[in-house]
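Written below as structure tokens is the structure these notes are about.
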Number of protein chains: 2
Amino acid sequence: MSNPLDQVFSALADPTRRAILALLLEDDMAVTDVAEPFAMSLAAISKHLSVLAEAGLITQEKRGRVKWCKLEPDALRTASVWMQGFGQFEAVDLDGLERFLAAELGDPGPDAPPASFSV
Amino acid sequence: MSNPLDQVFSALADPTRRAILALLLEDDMAVTDVAEPFAMSLAAISKHLSVLAEAGLITQEKRGRVKWCKLEPDALRTASVWMQGFGQFEAVDLDGLERFLAAELGDPGPDAPPASFSV
DNA sequence: CATATCGTCAACCATCCGGTTGAATATGGC
DNA sequence: GCCATATTCAACCGGATGGTTGACGATATG
């Protein structure tokens, strides 16, 4: 499964992994803290985090004995662009898209509070 | 796997299924014709089509002995909206988005030739 | 140093997935 | 009625996936 679209979509296909991404939307977190809300073992969460990391959806950095997990939303772009191909329109200018969205939303900037949404 | 996001993302995780969707982007097709370009059995393609139909990404209508497959791009919206939540921005107004894209592309309209893109 | 915490590894298990084959079930045409 | 075509069904197979548990290495802390 080398195709990045394979990796991203199959990473997103699991509700636990989507919930993890939603958690990381609020802040960077240590593996143990990511695992805390879930009713499964730390090892299971660790595996989920590996899947997300291989898909490029998160990065992990070890500082001391703690491994910090950081969301990488840019990894969604390839998949998003692929999906956009199924609308009425053709290619998408993502930079223009962001300008459009920023303008439409009054440009809350990168520190805007994250939206909450279901997994 | 009742969650529609589960179904859509895992349907999209397979390259054969993405290729099928790309085929159907050009036109509605019978099952046999969908299967023709692929180096696998008709039964395998039939299963893939079932997965896509259960995810809502296509609909199938039987006329005579032929079952026609039709792309349903709207099924991508839920997933697309979910993904947009991970950008710098919050909620996305998809109708405004489409107006934006139509304007930016010179409004080729619904009969615009489909973009070709890799699976 | 001793001990607790963080995280992964390895082995195992049940289930799902993507493919095959061969038989079965329509439906259409002569 | 008979044969060809279109599609699915059922059984099977190997490999991936998602979970468990227990042991382990590495890092903090008293």
Side-chain angles (χ1 to χ4, degrees), chain A residues 1-24 27-71 119, chain B residues 1-24 27-71 119:
Chain A
M1 170 153 13
S2 56
N3 189 322
L5 283 176
D6 288 12
Q7 288 182 268
V8 169
F9 281 130
S10 78
L12 295 179
D14 185 277
T16 301
R17 285 194 289 264
R18 288 198 306 276
I20 290 174
L21 293 178
L23 274 182
L24 293 177
D27 215 345
D28 297 0
M29 296 176 78
V31 174
T32 306
D33 297 323
V34 169
E36 195 272 333
F38 297 96
M40 71 181 69
S41 70
L42 183 61
I45 297 293
S46 178
K47 284 193 202 175
H48 280 304
L49 289 169
S50 296
V51 172
L52 291 170
E54 294 222 353
L57 290 162
I58 67 168
T59 49
Q60 296 182 287
E61 183 196 355
K62 193 167 179 180
R63 283 205 296 271
R65 64 179 166 183
V66 170
K67 199 168 188 176
W68 293 91
C69 306
K70 181 184 191 320
L71 188 64
V119 195
Chain B
M1 164 145 25
S2 57
N3 189 323
L5 282 176
D6 289 13
Q7 289 182 268
V8 169
F9 281 130
S10 78
L12 295 180
D14 185 276
T16 302
R17 285 193 289 263
R18 290 198 305 277
I20 290 174
L21 293 178
L23 273 182
L24 293 177
D27 214 345
D28 298 0
M29 294 176 79
V31 174
T32 306
D33 298 323
V34 170
E36 195 272 333
F38 296 96
M40 70 182 67
S41 70
L42 185 61
I45 297 294
S46 179
K47 282 194 203 174
H48 280 305
L49 289 169
S50 296
V51 172
L52 291 170
E54 295 222 351
L57 290 163
I58 67 169
T59 50
Q60 296 182 288
E61 183 196 354
K62 193 166 179 181
R63 282 205 297 272
R65 64 181 163 178
V66 170
K67 200 168 188 178
W68 293 92
C69 306
K70 180 183 191 318
L71 188 65
V119 197

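Convention: sequence-line order gives letters A, B, ...; per-chain numbering from 1.
- Atom CD1 of I45(A) is separated from atom C1' of dG7(C) by 13 Å (rounded to the nearest Å).
- Atom CD of E36(B) and atom C1' of dT5(D) are 16 Å apart (whole Å).
- Within the 4.0 Å cut-off from OP1 or OP2 of dT7(D), not a single side-chain nitrogen or oxygen of S46(B) is found.
- For A30(A), whose side chain is taken as the heavy atoms from C-beta onward, the closest listed nucleotide among dG18(C), dG18(D), dG7(C) is dG7(C).
- Distance, I58(A) CD1 to dG7(C) P: 12 Å, rounded to whole Å.
- Among dG28(C), dT20(C), dT21(D), the nucleotide with an atom closest to any side-chain atom of S41(A) is dT21(D).
- The distance from atom CG of L52(A) to atom P of dT17(D) is 13 Å, rounded to the nearest whole Å.
- Counting to the nearest Å, the C1' atom of dC9(D) and the NE2 atom of H48(B) are 17 Å from each other.
- Of the listed nucleotides (dG18(C), dT8(C), dG19(D)), dT8(C) has the atom at the smallest distance from the side chain of L42(A).
- Residue R63(A) places no side-chain N or O under 4.0 Å from the OP1 or OP2 atom of dT27(D).
- Base contact: K47(B) has a heavy atom under 4.0 Å from a base atom.
- Side chain of Q60(B), nearest nucleotide from dT20(D), dT8(D), dC6(C): dT8(D).
- Here the nucleotide nearest the side chain of D14(A), chosen from dC6(C), dT8(D), dG18(D), is dG18(D).
- If you find the closest nucleotide of DNA chain C to R65(A) and to A43(A), the one lying nearer the 5' end belongs to R65(A).
- What you find for V34(B) and L23(B) is that their closest heavy atoms are O-CD1, 3.7 Å.
- L21(B) CG to L12(B) CG: the interatomic distance, rounded to the nearest 0.5 Å, is 6.5 Å.
- L52(B) CG to L24(B) CG: the interatomic distance, rounded to the nearest 0.5 Å, is 8.0 Å.
- Closest to the M40(A) side chain, of the nucleotides dG19(C), dC6(C), dT20(D), is dT20(D).
- For L42(A) against A35(A), the heavy-atom pair with the smallest separation is CD1-CB, 3.6 Å.
- When all heavy atoms are compared, the tightest approach of Q7(A) to A55(A) is O-CB, 3.7 Å.
- Contact between the side-chain N/O atoms of K62(A) and the OP1/OP2 oxygens of dG7(C) is not found at any separation under 4.0 Å.
- Taking atom CG of L49(A) as the reference point, atom P of dG18(D) lies 13 Å away to the nearest angstrom.
- Remark: P of dG18(D) and CD of E54(A) are 13 Å apart, rounded to the nearest angstrom.
- Rounded to whole Å, atom C1' of dT17(D) lies 15 Å from atom CD of Q7(A).
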